[in-house]
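Atoms considered below: every heavy atom in the structure, side chains included; atoms not considered: hydrogens, waters and symmetry mates. Please read all numbers here as calculations on a predicted model, not as lab measurements. Chain letters run A, B, ... following the sequence lines, proteins first, then strands; residues in each count from 1.
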Protein chains: 2
Amino acid sequence: MRFDRPPPEPLASAPGFLLSWNGQRTSHTFAEALKPLGLRPHHFGVLTLIDTQPGSTQQELVDRSMIDPSSMVTVIDELEELGLAERRPHPSDRRKHAVHLTDRGIETLGRARASAIQTAEELFAPLDAEERETLRRLLRKLAGVETASARPRLGAD
Amino acid sequence: MRFDRPPPEPLASAPGFLLSWNGQRTSHTFAEALKPLGLRPHHFGVLTLIDTQPGSTQQELVDRSMIDPSSMVTVIDELEELGLAERRPHPSDRRKHAVHLTDRGIETLGRARASAIQTAEELFAPLDAEERETLRRLLRKLAGVETASARPRLGAD
DNA sequence: TATTGTTATACTCTATAACTATA
DNA sequence: TATAGTTATAGAGTATAACAATA
């Protein structure tokens with residue numbers, strides 16, 4: 001699929017297609033922005049989750065990411081090869097690993113976040129601040145995310 | 001990716017992830033709905049385009065669908081195998097094919113549309129009519145679709 | 001020379017099932 | 001018996017480049 005021009009009619013009039021197209025373009029653009037850092041979207045997502053809760057087990061990361069277990073193994077393998085994360089023995093269960101970020105992982109996550117913020121800025125440029133907030137609210141409602149009071153948002157990706 | 005539950009935080013707070021997730025769920029749900037008819041989303045899209053402009057060349061379908069040329073060959077091959085479309089000689093250029101729907105293609109397209117309408121109804125159930133229209137408007141703007149006056153919309157997919 | 005359609009191929013991503021070691 | 005992690009494998013989907021026929 002090409003994303004260098006808007007979808008032509010009659011596709012652009014179909015709400016389902018519109019949503020798919022915007023979603024795919026978004027993933028694609030973020031993926032491109034992460035490439036210079038040697039990362040793919042899953043790497044960024046998992047780095048973020050480890051940062052949020054250092055020492056998570058792989059199973060916990062699976063639950064919080066919607067990535068399946070075998071893919072999670074690959075992602076963490078790659079993060080280790082890149083020197084961004086490491087598996088440590090879990091204190092109380094020898095089956096589990098406690099996954100942590102390395103110093104370099106923390107640095108790289110910072111750079112990835114900056115890149116994501118800039119990408120989001122470019123992607124959402126056609127919308128003003130109020131429209132962006134409306135879109136976010138509608139997408140959360142559509143996804144079935146609990147809208148329990150005002151959670152702090154991530155701003156970036 | 002699993003779509004049977006909403007994405008957990010902090011992913012659900014990231015506008016880019018939200019958009020990707022909703023888009024992927026939408027594609028996935030439409031794909032599932034089309035399976036009983038033996039169709040994939042590309043089949044439905046191309047059937048729609050042929051119906052809109054019978055006798056289109058494959059290149060025209062490529063331009064109007066954002067499907068690349070070699071994939072278009074496969075899609076039309078499959079539509080022919082299913083007895084839903086056929087390549088006819090182009091009246092003025094022997095390199096080209098004029099692609100038409102068969103009677104069965106027209107019937108199947110009708111069934112696919114009905115299925116798409118029902119799927120869209122289920123997907124967008126969390127939003128009321130006004131919210132759906134707002135979402136559609138914002139997604140069109142985000143995609144860069146020209147909002148030139150009121151075009152008739154497709155209602156369905 | 002350029003265009004239309006085709007073929008062959010390779011690549012990415014993901015899903016599935018079977019296996020191990022521990023509990 | 002059940003769980004955490006791993007491995008191997010297969011499948012879907014898509015992109016790329018080379019090619020033949022025709023303009």
With a 4.0 Å cut-off on heavy atoms, is B/H97 in touch with a base, just the backbone sugar-phosphate, or nothing at all? sugar-phosphate

In whole Å, what is the span from the CG atom of B/D4 to the C1' atom of C/dA15? 15 Å

Nearest-Å distance, CD (A/Q24) to C1' (C/dT14)? 15 Å

d(CD, A/Q58; P, C/dT22) in whole Å: 15 Å

When A/D93 and A/R40 are each assigned the nearest nucleotide of DNA chain C, the 5'-most assignment goes to A/R40

What's the CD-P distance between A/Q59 and C/dT22, to the nearest Å? 18 Å

Within the structure provided, determine whether B/L142 and A/R25 are in side-chain contact (heavy-atom separation under 4.5 Å). yes

Kindly indicate whether the side chain of B/L39, heavy atoms from C-beta on, has any atom under 4.5 Å from the side chain of B/L84. yes

Ignoring hydrogens and geometry beyond distance, is the side chain of A/R94 in donor-acceptor contact with the base of C/dT22 at under 3.5 Å? no

First and last nucleotide of DNA chain D touching chain B, 5' to 3', heavy-atom cut-off 4.0 Å? D/dG13 to D/dA23

For the pair made of CE in B/M72 and C1' in C/dT6, what is the distance, rounded to whole Å? 14 Å

So A/R140 and B/E9, salt bridge (Lys or Arg N to Asp or Glu O under 4.0 Å) or not? Walk me through it. CA-CA 11 Å; A/R140 281 175 69 91; B/E9 301 290 354; 3.4 Å; yes

Looking at B/E121 and B/R132, does any basic side-chain N land under 4.0 Å from a carboxylate oxygen? yes

Provide, to the nearest angstrom, the distance between the NE2 atom belonging to A/H42 and the C1' atom belonging to C/dT14. 9 Å

Find out whether A/L61 and A/I76 are in side-chain contact, i.e. whether some heavy atom of one side chain is under 4.5 Å from a heavy atom of the other. yes

Side chain of A/S71 only, please: which of C/dA15, C/dT22, C/dT4 is the nearest? C/dA15

By nearest-nucleotide position on DNA chain C, the 5'-leaning member of B/D77 and A/P69 is B/D77

Output all residues satisfying side chain to side chain contact (heavy atoms under 4.5 Å, CB included) with B/T119, sequence neighbours left out; order by chain, then residue number. B/T29, B/F30, B/A33, B/S115, B/L123

Short N-O contact, A/E107 and A/R104, less than 4.0 angstrom: no

Taken to the nearest whole Å, CG/B/D68 to P/C/dT4 is 15 Å

Donor-acceptor pair under 3.5 Å, A/S70 side chain vs C/dT16 base: yes

Tell me: CD of B/E60 to C1' of C/dT4, nearest whole Å? 12 Å

Check whether any side-chain nitrogen or oxygen of B/R87 sits under 4.0 Å from OP1 or OP2 of C/dT6, and answer yes or no. yes

